[in-house]
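Some notes on the structure that comes next.
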Amino acid sequence: MNLKSRMALAAASLLALSGIHCTSTGPESAVELSSLAGTAVKGAPPAECLAAQEALLVFERVNSRLEAGGDLYMYGNMENLSATLGPWLNSLMAQLVERQFFDTETAQVEMVAERAREAWPLFGYDAIQAFGMSSINLGTEKDPFYSTRQFFYTGDRAAEGLMWDMSGQNMDFPALGANWPDNACLAGVVNPDLGAAHGRILTAFPELAELESRLMFDIPGILQAISGPAEFMMVDTDDAGLQLLVRITDRDNMLYGLAAPMLSLMPGAEFTMDSVCIALPEMMREKVPFDTVMLKKGTDSFMVMTMKDLDVAVADRVAAGKTLAADADFQRLTGGMPKAGSVFFYYPKDGQSKVTGWLNPLGTGESTYNEAMATMVSRQDDGLSTVTSSFVGMAEMQLRNAFGRLNEVLDQADSVEMLPGVDAAEIEVNLE
């Protein structure tokens, strides 16, 4: 089946799923719904046909941001899903309560469910009319290059809520990767509007405002000051291992002015006008993968790092031309991406395993997806799009990680005999 036939079938399926059957009742001329679908409607009730036409139009707009013909294609209409899943979930909850599934905690569960329903608009999900996702190999079998796209279509609806506050506004990336060193195991930037998110949460949960009023700090002022671009990277320093550097917006150095004086009172702290360096106590070093925390202030910025003067080491490496922008994998993965976005992150080859090990030093497993990957999130006039470039398909990536986590569980179960009478090794052989 060729691409045109697939799209026609998809469009016709939308009509079928909507339950609308438009038939000829008179000599009226056909109303063309979609050149993509190649179907027409004659003499149907206007309201139903308009609804069908709108559904197909939404589908076309989502589909135009995706890539068909790959290993994954998915589309969902939020209104149809809500109309179907909403009553089903309510019925399921009622049956569980009736059968006393929750025992004495029924009232608490009902309260949580009710608050969850109230919170749905808070997150801004109600602005999404439809969503889609696709994954396709644009390379070859021997040299794969996968493009995975997602699009959340809002149309003319106002994109308001925590989802949109945290995704933020687009930033221009004229020279993506030029400020990140080539020894980064993770690099990225986000642009959240924390001030707007805070105000929205207080509006939804006014009881939090009273709690906040008891604090000594100007929480709204602080969140407004740090709203803006935040850059992060994890750098493999060889001798000192993996280290973290975060640089956030800090207008008038408001957050640094609050945090630095308090941290300078810790035993052994090295304090200057522009920085404070703290050696962690021995008992804390056993629980975290670093032994130093350093804070530095810049012009309307605030840096936190897990190694003294890590920012200087990064700047020196970048000045020497050793950047991600010069890396072949980075160039290939980001070459076709938008030049503006609100969120971007990148893992080089083996980066995910190193970061996983750093975040969970006591864990026995590691990420089973270790190829390079880059993702860009962009705000659009009619929604939100994500583009991910990788050397493994999204479906295979998820399966790898799922079986990797299962293998780790089996290892732990076998070591502590959590599965009596079961040979974990035999299960792992079957998984292979």
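One is the number of the first residue; the rest follow in order along the sequence.
- Between the T249 side chain and the P229 main chain, a donor and an acceptor come within less than 3.5 Å of each other.
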Is there a side-chain contact (heavy atoms from CB on, under 4.5 Å) between N77 and Q129 once you walk through the steps? CA-CA 6 Å; N77 184 293; Q129 296 188 45; over 6 Å; no
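- Partner of Q243 under the side chain to side chain donor-acceptor pair (under 3.5 Å) criterion, out of T237, T306, T292: T306 alone.
- By the 4.0 Å N-to-carboxylate-O rule, R61 lies too far from D382 to be salt-bridged with it.
- Taking each heavy atom of A127 and A158 in turn, the nearest pair found is CB-O, 3.5 Å.
- From M376, atom CE reaches atom CZ of F173 across 5.0 Å, with rounding to the nearest 0.5 Å.
- Checked against the 6.0 Å centroid threshold, F59 and Y75 count as a close aromatic pair.
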Under the salt bridge (charged side-chain N to carboxylate O under 4.0 Å, His left out) rule, what do K297 and D250 come out as? Steps first, then yes or no, please. CA-CA 8 Å; K297 74 173 181 179; D250 187 20; over 6 Å; no
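- Of all the heavy atoms in S378 and G341, the pair that sits closest is OG-CA, 3.7 Å.
- Remark: L384 CG to S342 OG distance equals 6.0 Å, nearest 0.5 Å.
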Given side-chain contact (heavy atoms from CB on, under 4.5 Å), test V293 with L280 step by step and report yes or no. CA-CA 7 Å; V293 173; L280 298 182; 4.1 Å; yes
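- When every heavy atom of S227 is checked against every heavy atom of G195, the shortest pair comes out as OG-N, 2.9 Å.
- With contacts defined as side-chain heavy-atom distances shorter than 4.5 Å, the pair D71/Y146 qualifies.
- Taking the six-membered ring for Trp and thresholds of 30 and 60 degrees, Y347 and F345 have ring planes more than 60 degrees apart, a perpendicular arrangement.
- You'll find the side chain of F152 stays beyond 4.5 Å of the side chain of V62, heavy atoms only.
- In this structure, CD in E207 is found 9.5 Å from CG in L202, a value given to the nearest 0.5 Å.
- With no hydrogens or angles considered, no side-chain donor-acceptor pair links T388 and T148 at under 3.5 Å.
- L223 CG to M254 CE: the interatomic distance, rounded to the nearest 0.5 Å, is 9.0 Å.
- Residues R149 and M133 have side chains not in contact (no heavy-atom distance under 4.5 Å, counting atoms from C-beta outward).
- Side-chain contact annotation: S147 with E67, donor-acceptor N/O pair under 3.5 Å present.
- Closest of all the heavy-atom pairs between A374 and L333 is CB-CB, 4.1 Å.
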Before you tell me yes or no, could you show the steps for D300 and D252 under side-chain contact (heavy atoms from CB on, under 4.5 Å), namely the whole-Å CA-CA distance, both residues' side-chain angles and the distance that decides it to 0.1 Å? CA-CA 5 Å; D300 288 333; D252 298 323; 4.3 Å; yes
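- Between R251 and Q224 the shortest side-chain heavy-atom distance does not fall below 4.5 Å.
- Remark: side-chain polar atoms of D193 are not paired, donor with acceptor, to backbone N or O of G168 under 3.5 angstrom.
- With sequence neighbours excluded, no residue forms a side chain to side chain donor-acceptor pair (under 3.5 Å) with N191.
- Taken from CG in L162 to NE2 in H198, the straight-line distance is 11.5 Å, to the nearest 0.5 Å.
- Counting only distance, with no hydrogens or angles, the side chain of Q331 and the backbone of A325 share a donor-acceptor pair below 3.5 Å.
- At a threshold of 4.0 Å, the pair K349-D329 does not count as salt-bridged, since none of the basic side-chain nitrogens sits closer than that to a carboxylate oxygen.
- Side chain of T334 to main chain of M337: no donor-acceptor pair is present (N/O by atom type, distance under 3.5 Å, no hydrogens or angles).
- Put simply, the side chain of R65 reaches to within 4.5 Å of the side chain of Q380, judged on heavy atoms.
- T154 places a side-chain heavy atom less than 4.5 Å from the side chain of W164.
- Counting heavy atoms from C-beta on, the side chains of F302 and N253 never come closer than 4.5 Å.
- A distance below 6.0 Å separates the ring centres of F330 and Y346.
- Look at K339 and D172 and you find no salt bridge, because none of the NZ, NE, NH1 or NH2 atoms lies under 4.0 Å from a carboxylate O.
- By the 4.0 Å N-to-carboxylate-O rule, K354 lies close enough to D236 to be salt-bridged with it.
- In this structure, T323 and G177 approach most closely via the heavy-atom pair CB-O, 3.7 Å.
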Does the side-chain contact (heavy atoms from CB on, under 4.5 Å) test come out yes or no for I128 and M163, once each step is laid out? CA-CA 11 Å; I128 301 173; M163 172 183 177; 4.0 Å; yes
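- How far CD1 of I136 is from OH of Y73: 11.5 Å, rounded to the nearest 0.5 Å.
- Residues C185 and V355 come closest through the heavy atom pair O-CG2, 4.0 Å.
- Note on R332 versus D327: no salt bridge recorded, every NZ/NE/NH1/NH2 to OD/OE distance being 4.0 Å or above.
- Here the side chains of M233 and V314 are in contact, with some heavy-atom distance below 4.5 Å.
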